[in-house]
K.L.:
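I have a structure here, written as structure tokens, and I will follow up with some questions on it.
Both backbone and side-chain heavy atoms feed into the values below; hydrogens, waters and symmetry mates do not.
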Amino acid sequence: TAGSYTLSSVTVDAQGRVTAASSGTIPPSIGTRTATASGAISNGAPVIMKSDGNVAAITSTVSVTTPLTTTGQADSVEASAYAYAAAYDKSAERVVFMYRLYNQNQVACKTAKISGNTVTYSTQYSINSVDGNNWNSVVYDENAQRTVFVYVDDNNNLRARVATISASDGTMSFGSLTTLSSNVTKNRIQAVYDEDAQKIVIGCTYNSKPSCFVATVNSSNNSISVGNAVQAETSNCGNSGVMMAYDENVNKHVIFYRDPSSHLKCKVFISTAGTNGAFYGSDTISASDPARGQAVYDVNAQKIVFYYRDTNDSDRGKAVVVSISANTPTFGTPVTFASQGINMVNAAYDPDAQKTFACACDINADLDCYRTTISSGTTLTIESGVEVKDNCGSISCGVAYDEASNKGFVVWRDPGNGYGGGEILNMSTVTSNLTDANYIGISDAAYANGATATIQTAGNVDDAQSGLTPGLKYYVQNDGTLAS
């Protein structure tokens, strides 16, 4: 235990390191362990102890399920609910989704815990019992380790509420409901997390103009504060909605909206000091309906994929890659993923398969899921769609990827029985040599196969990590990386 004290046998410094022993030599078993390396181990790598007593770096293998499959066991989620939005809470290891109760002025939410092919839902929590909403967004703040619910109410107010979610049972505790702004159009909004600024950025239509708000979450009391709107256009763009994604490679956002000339337009947004920000550059493609789309960042390809409905082409579902050079975004060539036409599309990223995926209800009332791969540059390859639910009729759905179970999740309203439906998407199978019992510590240096490796264990301090945020808890992942 840290505290800078001396016992009869050892001396421990304020960081918990053993610095001296009664015999004058620090026992090698305290804070370190030596063993033969099984395979190469890099400096600072998390390490396991194998059954033969050797040590090895933590590794994982991913087998992509092609095409993706569903369990075929869609669950009933909540009676008379619609306008779904979803996100993944990393600290609670649960999917969180919000919705409006049909014919009621109430915004509510639940969590979903996935284990194998089973989903366990929490009780319903009220975000606001006296508000209506049609346009929702859920985002996880990694720095604050809180989930933020954002929506536009029936009186054109942009509102938000912050929640802490228990990792043990999925129970929620909320901060106060906050009105972030008035004069926000009731249309598509999207809230995303800015890793660099450690802020939430909300894209919406403010005073008929595509805009961004930069917000800060206070984890001590689950409150949220916001700066002034930053507008992307000086002219009105009407009721088009705003979608956006954060490019973590360049620490910049790209927003999507219909411009005054009715073209699909994108611009770069950069959050600056405090809750400020500015727009840069732009690109356009032929007219479409971005109000029905969603943007998502492909971490592996370091590009943004924008899914949307093209009203100029029989409402077909399309996807396009956007890359950023300096402060200018550039569209690639749009690719059709749903030729029969769609209503609305929602998307997420699968870090295991390294693909984005999207769910959309088509004009035949079927809810389908599509997966895309960026092969090179802005070349987009679309896998054939997989039906999640027939005769769904749902306009909107919530989509998220559950990193704990390595599965996708989609929730929607089923008009057949009036209930919301939830379904697991089997995207890939991840196999790791890490178990609940074999983690031993961090490698003290780089070691070749067969070399004697020194492993830093509990009570030691590792100096080989970089890019971590002070004060956050980090956990060893199945692939040997560290994540908060």
Side-chain angles (χ1 to χ4, degrees), residues 134-135 185-190 203-205 208-211 232-245 254-269 279 281-296 298 303-324 328-347 356-374 377-385 392-397 399:
N134 287 308
W135 303 98
T185 303
K186 289 182 286 186
N187 210 313
R188 193 68 183 264
I189 64 172
Q190 193 162 355
C204 62
T205 305
S208 299
K209 301 175 181 65
S211 306
E233 298 284 344
T234 57
S235 300
N236 289 353
C237 293
N239 189 23
S240 69
V242 173
M243 288 64 60
M244 65 186 305
V254 175
I255 75 163
F256 301 84
Y257 57 93
R258 189 172 62 220
D259 72 6
S261 300
S262 296
H263 293 105
L264 173 57
K265 190 171 187 177
C266 67
K267 273 191 173 184
V268 168
F269 178 80
F279 284 101
S282 66
D283 196 14
T284 59
I285 55 177
S286 62
S288 57
D289 186 3
R292 303 292 186 181
Q294 188 167 31
V296 60
D298 187 315
K303 299 285 194 301
I304 291 171
V305 182
F306 181 56
Y307 295 89
Y308 63 101
R309 182 181 75 173
D310 192 341
T311 56
N312 275 2
D313 190 15
S314 303
D315 291 337
R316 287 182 169 88
K318 294 187 178 181
V320 61
V321 177
V322 175
S323 56
I324 301 174
T328 302
T330 302
F331 281 114
T333 302
V335 177
T336 299
F337 66 84
S339 59
Q340 68 273 38
I342 63 170
N343 286 315
M344 183 179 291
V345 58
N346 286 274
T356 64
F357 63 100
C359 292
C361 188
D362 63 29
I363 58 175
N364 298 318
D366 298 329
L367 180 65
D368 301 314
C369 185
Y370 306 86
R371 192 161 54 182
T372 65
T373 304
I374 301 175
T378 58
T379 301
L380 197 61
T381 302
I382 309 286
E383 294 180 13
S384 298
C392 151
S394 181
I395 294 178
S396 66
C397 60
V399 179

K.L.:
Among all residues two or more places apart in sequence or in another chain, which pass the ring-ring contact (aromatic ring centres under 6.0 Å, His included) test with Tyr307?
P.N.:
Phe337
K.L.:
Return the set of residues passing salt bridge (charged side-chain N to carboxylate O under 4.0 Å, His left out) with Lys265 (not counting sequence neighbours), or none when no residue passes.
P.N.:
Glu233
K.L.:
Is the shortest heavy-atom distance from the side chain of Asp368 to the side chain of Tyr370 under 4.5 Å?
P.N.:
yes
K.L.:
Got a sec, which residues hit side-chain contact (heavy atoms from CB on, under 4.5 Å) with Ala232, two or more places apart in sequence or on another chain?
P.N.:
Pro210, Ile255, Tyr257, Lys267, Phe279
K.L.:
Where is the tightest heavy-atom contact between Ile342 and Gly317, given as atom of each residue plus distance?
P.N.:
CD1-CA, 3.7 Å
K.L.:
As an exercise, state the distance from CD1 of Ile189 to OG1 of Thr205, rounded to the nearest 0.5 Å.
P.N.:
10.0 Å
K.L.:
Indicate the atoms forming the closest heavy-atom contact of Cys266 with Val322, along with that distance.
P.N.:
SG-CG1, 4.4 Å
K.L.:
Going from NZ on Lys303 to CG on Leu380, what distance comes out if it is rounded to the nearest 0.5 angstrom?
P.N.:
12.0 Å
K.L.:
Please examine the side chains of Gln294 and Met344, heavy atoms only from C-beta on, and report whether any two atoms are closer than 4.5 Å.
P.N.:
no
K.L.:
What residues form a side-chain contact (heavy atoms from CB on, under 4.5 Å) with Thr381, not counting sequence neighbours?
P.N.:
Ser375
K.L.:
Once side-chain contact (heavy atoms from CB on, under 4.5 Å) is applied, do any residues pair with Thr333, and if so which ones, sequence neighbours excluded?
P.N.:
none
K.L.:
Please report the interatomic distance CG(Asp283) to CD1(Ile324), rounded to the nearest 0.5 Å.
P.N.:
12.0 Å
K.L.:
Return the set of residues passing salt bridge (charged side-chain N to carboxylate O under 4.0 Å, His left out) with Asp362 (not counting sequence neighbours), or none when no residue passes.
P.N.:
none
K.L.:
Looking only at heavy atoms, which two atoms of Pro329 and Val268 are closest? And how far apart?
P.N.:
CD-CG2, 3.6 Å
K.L.:
Give a yes or no answer on whether the side chain of Asn346 reaches the backbone of Cys397 with a donor-acceptor pair at less than 3.5 Å.
P.N.:
yes
K.L.:
I'd like to check the side chain to side chain donor-acceptor pair (under 3.5 Å) partners of Lys209; sequence neighbours left out, ordered by chain and number.
P.N.:
Asn236
K.L.:
Applying side chain to side chain donor-acceptor pair (under 3.5 Å), name anything that partners Asp313, two or more places apart in sequence or on another chain.
P.N.:
Arg316, Lys318
K.L.:
Residues two or more places apart in sequence or in another chain: which of them pass ring-ring contact (aromatic ring centres under 6.0 Å, His included) with Phe256?
P.N.:
Phe306
K.L.:
Under the rule for side-chain contact (heavy atoms from CB on, under 4.5 Å), what residues qualify as partners of Asp298, not counting sequence neighbours?
P.N.:
Asn300, Ala301, Tyr349, Thr356, Ile374
K.L.:
What heavy-atom pair brings Ser211 and Val242 nearest, and what distance separates the two atoms?
P.N.:
N-CG2, 4.3 Å
K.L.:
Would you say the side chain of Tyr308 lies within less than 4.5 Å of the side chain of Val320, judging by non-hydrogen atoms?
P.N.:
yes
K.L.:
Apply side chain to side chain donor-acceptor pair (under 3.5 Å) to Thr378 and list each qualifying residue two or more places apart in sequence or on a separate chain.
P.N.:
none
K.L.:
At what distance, to the nearest 0.5 angstrom, does CE of Met243 lie from CZ of Arg292?
P.N.:
10.5 Å
K.L.:
Look up atom CG in Asp310 and atom OG1 in Thr336, then write down how far apart they are to the nearest 0.5 Å.
P.N.:
8.0 Å
K.L.:
Residues two or more places apart in sequence or in another chain: which of them pass ring-ring contact (aromatic ring centres under 6.0 Å, His included) with Phe331?
P.N.:
none
K.L.:
Quick one: SG on Cys204 to CE on Met244, what's the gap to the nearest 0.5 Å?
P.N.:
9.5 Å
K.L.:
Work out which heavy atom in Asn343 is nearest to a heavy atom in Arg309; give both atom names and the distance.
P.N.:
O-CD, 3.7 Å
